[in-house]
Amino acid sequence: MDKLLTLWTGSGLFNLSGGQFFMICVGLLLLFLAIRKGFEPLLLVPIGFGGILANIPEAGLALSAAENAIHFAKPEVLAALAGILDVSYQAGQSVTPEVLDAFKHAYKLGSYDVVQQVNVLAQTLGYTNGMLYNFYSVSIASGVAPLVIFMGVGAMTDFGPLLSNPKTLLLGAAAQFGIFGTVIGAALLDMTGVMDFTIMEAAAIGIIGGADGPTSIYVSSILAPHLLGAIAVAAYSYMALVPMIQPPIMKALTSQKERAIKMSQLRAVSKKEKIVFPLVVLMAVVLFLPDAAPLLGMFCFGNLMRECGVVERLSDTSQNALINIVTIFLGLSVGSKLGADKFLDLQTLGILLLGMAAFCVGTACGVLMAKLLNVFSKEQINPLIGSAGVSAVPMAARVSNKVGLDANPQNFLLMHAMGPNVAGVIGSAVAAGVMIKLLG
Amino acid sequence: MDKLLTLWTGSGLFNLSGGQFFMICVGLLLLFLAIRKGFEPLLLVPIGFGGILANIPEAGLALSAAENAIHFAKPEVLAALAGILDVSYQAGQSVTPEVLDAFKHAYKLGSYDVVQQVNVLAQTLGYTNGMLYNFYSVSIASGVAPLVIFMGVGAMTDFGPLLSNPKTLLLGAAAQFGIFGTVIGAALLDMTGVMDFTIMEAAAIGIIGGADGPTSIYVSSILAPHLLGAIAVAAYSYMALVPMIQPPIMKALTSQKERAIKMSQLRAVSKKEKIVFPLVVLMAVVLFLPDAAPLLGMFCFGNLMRECGVVERLSDTSQNALINIVTIFLGLSVGSKLGADKFLDLQTLGILLLGMAAFCVGTACGVLMAKLLNVFSKEQINPLIGSAGVSAVPMAARVSNKVGLDANPQNFLLMHAMGPNVAGVIGSAVAAGVMIKLLG
Amino acid sequence: MDKLLTLWTGSGLFNLSGGQFFMICVGLLLLFLAIRKGFEPLLLVPIGFGGILANIPEAGLALSAAENAIHFAKPEVLAALAGILDVSYQAGQSVTPEVLDAFKHAYKLGSYDVVQQVNVLAQTLGYTNGMLYNFYSVSIASGVAPLVIFMGVGAMTDFGPLLSNPKTLLLGAAAQFGIFGTVIGAALLDMTGVMDFTIMEAAAIGIIGGADGPTSIYVSSILAPHLLGAIAVAAYSYMALVPMIQPPIMKALTSQKERAIKMSQLRAVSKKEKIVFPLVVLMAVVLFLPDAAPLLGMFCFGNLMRECGVVERLSDTSQNALINIVTIFLGLSVGSKLGADKFLDLQTLGILLLGMAAFCVGTACGVLMAKLLNVFSKEQINPLIGSAGVSAVPMAARVSNKVGLDANPQNFLLMHAMGPNVAGVIGSAVAAGVMIKLLG
Amino acid sequence: MNELMSQAVDLMIAGMGFVFSFLIILVFATLIMSKLISRYSSPEPVIPARTTRARSSAPTPVDPGTAEAIKKAIAQYRSRHKK
Amino acid sequence: MNELMSQAVDLMIAGMGFVFSFLIILVFATLIMSKLISRYSSPEPVIPARTTRARSSAPTPVDPGTAEAIKKAIAQYRSRHKK
Amino acid sequence: MNELMSQAVDLMIAGMGFVFSFLIILVFATLIMSKLISRYSSPEPVIPARTTRARSSAPTPVDPGTAEAIKKAIAQYRSRHKK
Ligand code: NA
Ligand code: NA
Ligand code: NA
């Protein structure tokens with residue numbers, strides 16, 4: 001009887017909070033979007049599922065041992081933790097919600113060594129890290145998962161179109177205005193008092209405008225880990241929405257005549273150029289932006305493995321087994337940040353709004369940059385390929401192609417748009433490096 | 001000369017204990033059973049090999065740095081460890097076997113932080129963790145390996161037969177009597193003074209009756225890690241013996257007429273039902289048994305990846321590269337628990353006996369439940385599919401089919417038995433969750 | 001402006017040291033050798049790339065959190081670290097290069113617990129481990145990566161030729177003179193005052209003569225981790241140079257008549273022998289050299305998985321996805337040891353010289369051993385297969401074959417040379433075990 | 001009846017009680033789910049129930065000769081690419 | 001203009017300045033690289049530019065019937081070997 | 001002869017002594033094993049010795065045309081499934 005009572009008071013039905021219920025619905029919505037609507041399913045299926053797991057009441061899958069100890073709130077345990085966390089609490093004292101908040105707050109603000117010590121103590125007292133917390137620590141907090149995915153993306157990327165028309169790198173640069181414009185937007189929201197952000201948070205939100213999943217996750221895990229869930233969800237959702245977000249902006253900023261511009265055939269690129277290019281990028285990183293070295297280094301390494309032709313088995317594995325394994329754990333780990341207490345915040349709304357703005361600004365700047373280039377150069381660029389500079393590989397390039405075909409059924413822009421598309425990946429990694437350097 | 005002496009006194013021949021010799025033979029026996037008799041080779045080959053490695057004298061592959069330091073028993077090292085472990089030992093004192101036992105005992109009972117500290121000290125003094133100890137820590141102690149395997153099993157499971165006849169879930173429930181009956185059996189052995197068990201140990205032994213490898217390993221790593229080796233070996237061995245264990249029980253409890261019952265064709269199941277079902281199971285976990293969330297959560301996640309159709313590359317990887325990698329390390333890690341000092345114990349004999357009983361009870365209860373359902377329902381179930389409720393996928397279902405064919409050569413039960421078979425997996429995961437909740 | 005200055009003073013161009021520039025060139029050279037000349041590309045591509053990454057100024061990818069903290073040299077940080085590292089430094093004191101050297105030196109010599117503590121403190125103060133440092137810790141410092149690769153190599157090895165002519169094991173033994181002869185060579189250099197070595201360093205250098213990558217990395221990670229980069233680079237480079245190094249020695253030590261000896265057809269080997277052989281090797285390890293258990297244990301495990309025929313999916317994974325994943329991280333981790341401060345040392349030059357000598361001595365001893373065997377045995381061995389005893393699988397065997405064909409166009413030695421070739425792998429693992437036992 | 005036995009009996013009652021409750025709820029939830037899906041969804045091509053894919057031993061038949069040739073080709077392809 | 005806004009503006013100026021500088025340098029470095037390679041290397045067969053391989057949807061065409069047979073054979077091969 | 005040299009000589013004697021002892025034991029163990037197996041086991045089809053499978057360069061021959069078609073099909077299959 002006693003035991004059945006334990007089971008009942010420990011059940012989800014007895015403990016489910018409104019916030020958890022809401023977040024479980026959000027998780028189901030993400031699954032629906034991924035499965036039925038095809039929104040970036042490789043990431044959103046694990047993220048959505050992880051989000052549901054993170055909100056199972058009492059399971060504490062996304063919590064550390066110390067957070068679980070605080071949640072279960074046994075007076076003697078709290079008394080033991082109080083010393084390390086510097087919270088004033090004695091063993092006899094009653095456990096009010098304010099007391100628990102004081103503990104949670106102290107844990108959240110704790111320095112690296114305090115967090116370590118309090119977790120050792122909690123494990124000594126019999127609490128354990130939740131499964132998703134462990135996944136997050138190993139895959140994201142260590143930084144390894146986004147980097148390995150970036151290596152895999154590098155191994156999947158063909159720089160051929162970019163090499164045959166290097167000028168399109170500038171389109172990838174212009175589109176990064178989306179990132180920094182969003183930082184300004186966040187500052188505006190803060191200045192007008194709508195919501196509060198720090199510069200670190202504003203920068204982490206801005207990176208959504210990079211339209212590149214692993215970069216967003218990597219940057220926000222460094223600058224604002226508490227926002228990582230919302231930022232990753234926004235980044236992948238908007239990447240899936242690119243075919244809806246971009247075309248109106250592209251059409252508004254271009255004339256029918258511009259959209260119908262036919263671009264000349266891309267020149268053929270030699271194998272050697274493709275092998276040397278990742279090394280050229282790496283050297284530029286070495287000389288100018290060491291802080292972009294982890295991201296761009298792994299990206300170039302993946303691409304070199306792909307192109308050099310002598311390590312095909314490594315390239316294959318990094319494009320398949322390895323990236324798949326990491327994606328599964330990365331997705332579940334991102335989901336672990338969709339806990340109700342962390343996600344249901346006014347800031348999340350701001351993130352969703354600003355993220356959308358970031359995509360729009362990036363798209364617009366890419367298109368305008370292409371028009372600007374046309375002013376100075378004889379060889380005309382179809383400005384529709386400028387929007388591909390936001391990255392969102394290969395979706396944005398396909399959008400450029402589709403809008404181009406609407407304007408001129410003989411106008412195949414896909415290959416031309418792949419140049420700025422991959423340039424956008426480099427561009428956002430550079431922007432990420434700058435942000436980490438200046439704020440990290 | 002000096003050096004050759006070091007080599008000789010450090011050799012296995014010089015140090016091999018009787019227990020280690022015996023356990024090496026057990027390891028070879030497991031390899032023989034796996035390779036020649038086909039006993040669950042995917043697990044028993046790594047387990048058997050790991051068992052041999054764990055018993056190599058002086059190599060200390062299955063020991064932590066602290067255990068290795070205690071084993072080599074340098075007086076100054078022991079004096080340093082004594083402080084943390086709270087053993088009374090001074091640097092000058094002679095090192096008797098009793099002294100070493102005191103150290104080993106203190107280490108075994110040490111709390112999480114004491115174990116951590118003493119290992120840091122031992123590593124400072126130049127000792128290292130054995131290879132298998134590291135494998136065990138990363139794969140099993142962290143809980144990740146059984147969960148990842150469960151995810152892979154989920155991705156390999158087709159719930160179609162279960163969905164077309166959900167009633168068979170009850171057969172999977174009844175077979176779990178094997179688990180709890182075994183706990184009673186262990187209590188009986190304890191009460192009659194044959195051998196001693198705690199309730200945690202009894203529960204961990206009972207889970208063998210779940211006939212599901214990863215669940216057994218997961219539960220015993222939480223409730224009774226010192227028994228993990230014997231429990232895992234028993235679980236996999238008896239799963240391989242299902243075709244010998246089950247048929248006599250099935251025949252004893254059924255009449256020829258019952259065995260010949262022909263079941264109606266299973267209805268077709270839509271894709272949508274298959275996609276939604278893992279989410280239904282997940283919601284039931286959310287609402288009723290959060291403590292089953294790690295196991296059933298990963299299982300449902302794997303199954304959703306399989307059925308949703310949009311993440312085929314993730315599903316593929318979790319069914320192949322990922323599960324294979326984890327199986328290798330899981331098997332070697334389980335083998336690390338076959339050290340002579342841990343395995344050669346009266347309890348191991350109890351585990352082998354009780355584990356066998358668990359399979360028999362589970363089989364019987366499944367069959368009887370099917371007969372009970374036939375009392376209340378018009379649509380008759382062939383009671384032979386009840387035995388498949390113990391899980392042991394897909395072996396038990398094949399046994400049902402074979403015994404059915406013996407009774408009636410036109411009676412194909414395989415598909416019908418797959419329903420209770422996978423229901424048994426869910427049933428034991430639920431039982432595992434209850435045990436962890438009440439005892440963990 | 002302020003921020004642009006930060007970017008400029010943090011750029012590589014501003015900070016690049018001569019040593020780093022030189023090492024980046026070395027990294028590019030390794031890539032060139034791997035890609036254009038086909039020098040062991042599976043390892044040298046990641047190693048070369050990792051070497052470049054490790055030398056990006058200010059990025060600190062190969063440094064621990066504490067090393068990064070010391071590098072950035074904020075007075076208040078140094079004051080905090082000084083206590084743990086036992087360096088005399090007060091907060092106000094000016095930071096001279098000597099002071100930094102004192103810190104670096106104290107960190108390098110720090111015991112396990114001091115290193116742990118100072119890294120926790122550095123992380124508390126906001127510094128992080130570099131990406132390559134993390135890779136190194138997880139893959140090499142833990143010992144796991146070379147062992148997993150050895151398992152994969154075991155799964156790729158066919159012992160058939162060795163089993164049909166077990167006598168060739170002795171050729172694999174003789175070639176290990178390369179290892180120990182090099183130790184003598186290092187002692188000579190030390191005695192003559194050319195450069196300084198400890199016995200641990202001398203042994204780690206000697207293992208290059210084993211001509212086996214993972215064994216070299218495993219041994220030097222235990223005996224002399226600061227030399228690991230140079231040792232691994234030397235080992236893989238000379239393995240690639242085997243077709244140039246060996247033939248002159250082989251020809252110098254044999255007569256035309258000897259080289260033309262035709263060996264009798266190898267007898268067929270049964271499946272059972274192949275299954276039992278890895279267990280026989282394992283038992284020899286158990287009885288005689290427990291310290292070779294990690295290396296040879298994993299090797300035999302891989303081979304058993306290959307031959308037993310019942311765990312094909314595990315064998316496949318360990319030959320493909322798993323070994324590829326580990327190779328990528330192992331290579332990058334080895335590259336992390338190519339930092340200018342560690343690599344640009346007189347010792348590196350010694351390593352390159354002695355490593356070459358090791359290959360030559362091993363080759364010669366293998367050939368001479370074959371001639372010695374011919375003195376005592378009726379059945380003549382072609383001495384050219386003796387050189388394959390250094391390992392360098394399968395390159396050395398191919399060299400034997402090619403030199404044999406030069407002497408006698410009907411003389412196919414490839415299969416006969418595979419015996420000593422794989423025997424050499426066992427031989428160096430045994431030598432590694434002896435070294436670890438006596439010095440580790 | 002000693003301490004352990006009473007704990008074991010308690011565990012059995014709670015455990016089997018819970019397992020049955022949980023799976024009975026699941027039976028009903030599944031039935032409701034199937035009903036809802038079949039009512040509110042457009043008719044779609046149904047998939048006949050199969051065994052667990054991972055262990056099935058009866059895949060789609062292919063002409064054995066072709067299969068053999070392909071298997072060899074795959075082996076060749078693999079050995080070429082694995083190196 | 002508050003503290004955050006001035007930080008944001010600073011970040012934008014530094015950031016976009018850097019992104020453009022970096023990519024402009026890369027444009028020139030790439031052009032120089034291509035020129036050097038084409039000058040100092042023997043003529044080699046060039047590879048026409050393709051889309052990102054990983055997501056391309058237009059692989060070399062194969063007769064659909066053969067492809068189907070092969071796909072089945074692969075599935076069969078896999079299911080046999082995965083077990 | 002200094003300290004290091006004497007250590008090195010010791011290491012060589014112990015090391016080579018051990019390597020030879022170990023491998024000589026292994027020679028005899030292997031010969032005994034083969035003898036025992038051939039005596040106590042029923043005759044079974046023997047496998048002719050091959051090179052290391054992983055690096056072999058001579059797989060079972062397949063008609064090149066077929067092989068090419070299959071390789072294309074595999075590539076197509078992969079690119080479809082990898083996405
Ligand atoms: Na971008
Ligand atoms: Na079960
Ligand atoms: Na060797």
Say you draw a straight line from [atom1] of [X] to [atom2] of [Y]; how long is it, rounded to the nearest 0.5 Å?
X	Y	atom1	atom2	result
A:F49	B:M298	CZ	CE	9.0 Å
B:L322	A:I325	CG	CD1	5.0 Å
B:L147	A:F135	CG	CZ	6.0 Å

So which heavy atom on [X] is nearest to which on [Y], and how close?
X	Y	answer
A:P46	B:L314	CG-CD1, 4.1 Å
A:V45	B:V310	CG2-CG2, 4.4 Å
B:P290	A:A59	O-CB, 3.7 Å
B:G297	A:L53	CA-CD2, 3.9 Å

Quiz item: Of the listed residues (B:V434, B:V115, B:L304), which shares the most heavy-atom pairs with chain A below a 4.5 Å separation?
Solution: B:L304
Given heavy-atom pairs under 4.5 angstrom as the criterion, report whether the side chain, backbone, both or neither of [X] touches chain B.
X	result
A:L121	neither
A:I52	side chain
A:L61	side chain

Counting only non-hydrogen atoms closer than 4.5 Å, does [X] touch chain A with its backbone (N, CA, C, O), its side chain (CB onward), both, or neither?
X	value
B:V148	side chain
B:L438	side chain
B:V144	side chain

Exercise. Answer yes or no: does atom CZ of A:F22 have more than 12 heavy-atom neighbours from other residues, nucleotides or ligands under 6.0 Å?
Key: no
Enumerate the inter-chain donor-acceptor pairs under 3.5 Å for chain A and chain B, one line per pair.
| residue | atom | partner | partner atom | Å |
| --- | --- | --- | --- | --- |
| A:G12 | N | B:L287 | O | 3.0 |
| A:L13 | N | B:L287 | O | 2.8 |
| A:Q123 | OE1 | B:Y112 | OH | 3.3 |
| A:Q123 | NE2 | B:Y112 | OH | 3.3 |
| A:T124 | OG1 | B:D113 | N | 3.2 |
| A:Q319 | O | B:R313 | NH2 | 2.6 |
| A:N324 | OD1 | B:R313 | NE | 2.7 |
| A:N324 | OD1 | B:R313 | NH2 | 3.0 |
| A:N324 | ND2 | B:R313 | O | 3.3 |
| A:N324 | ND2 | B:T317 | OG1 | 2.7 |

Quiz item: Do any of residues 26-34 of chain A have a heavy atom less than 4.5 Å from a heavy atom of chain B, and if so, which, in residue order?
Solution: A:L28, A:L31, A:A34
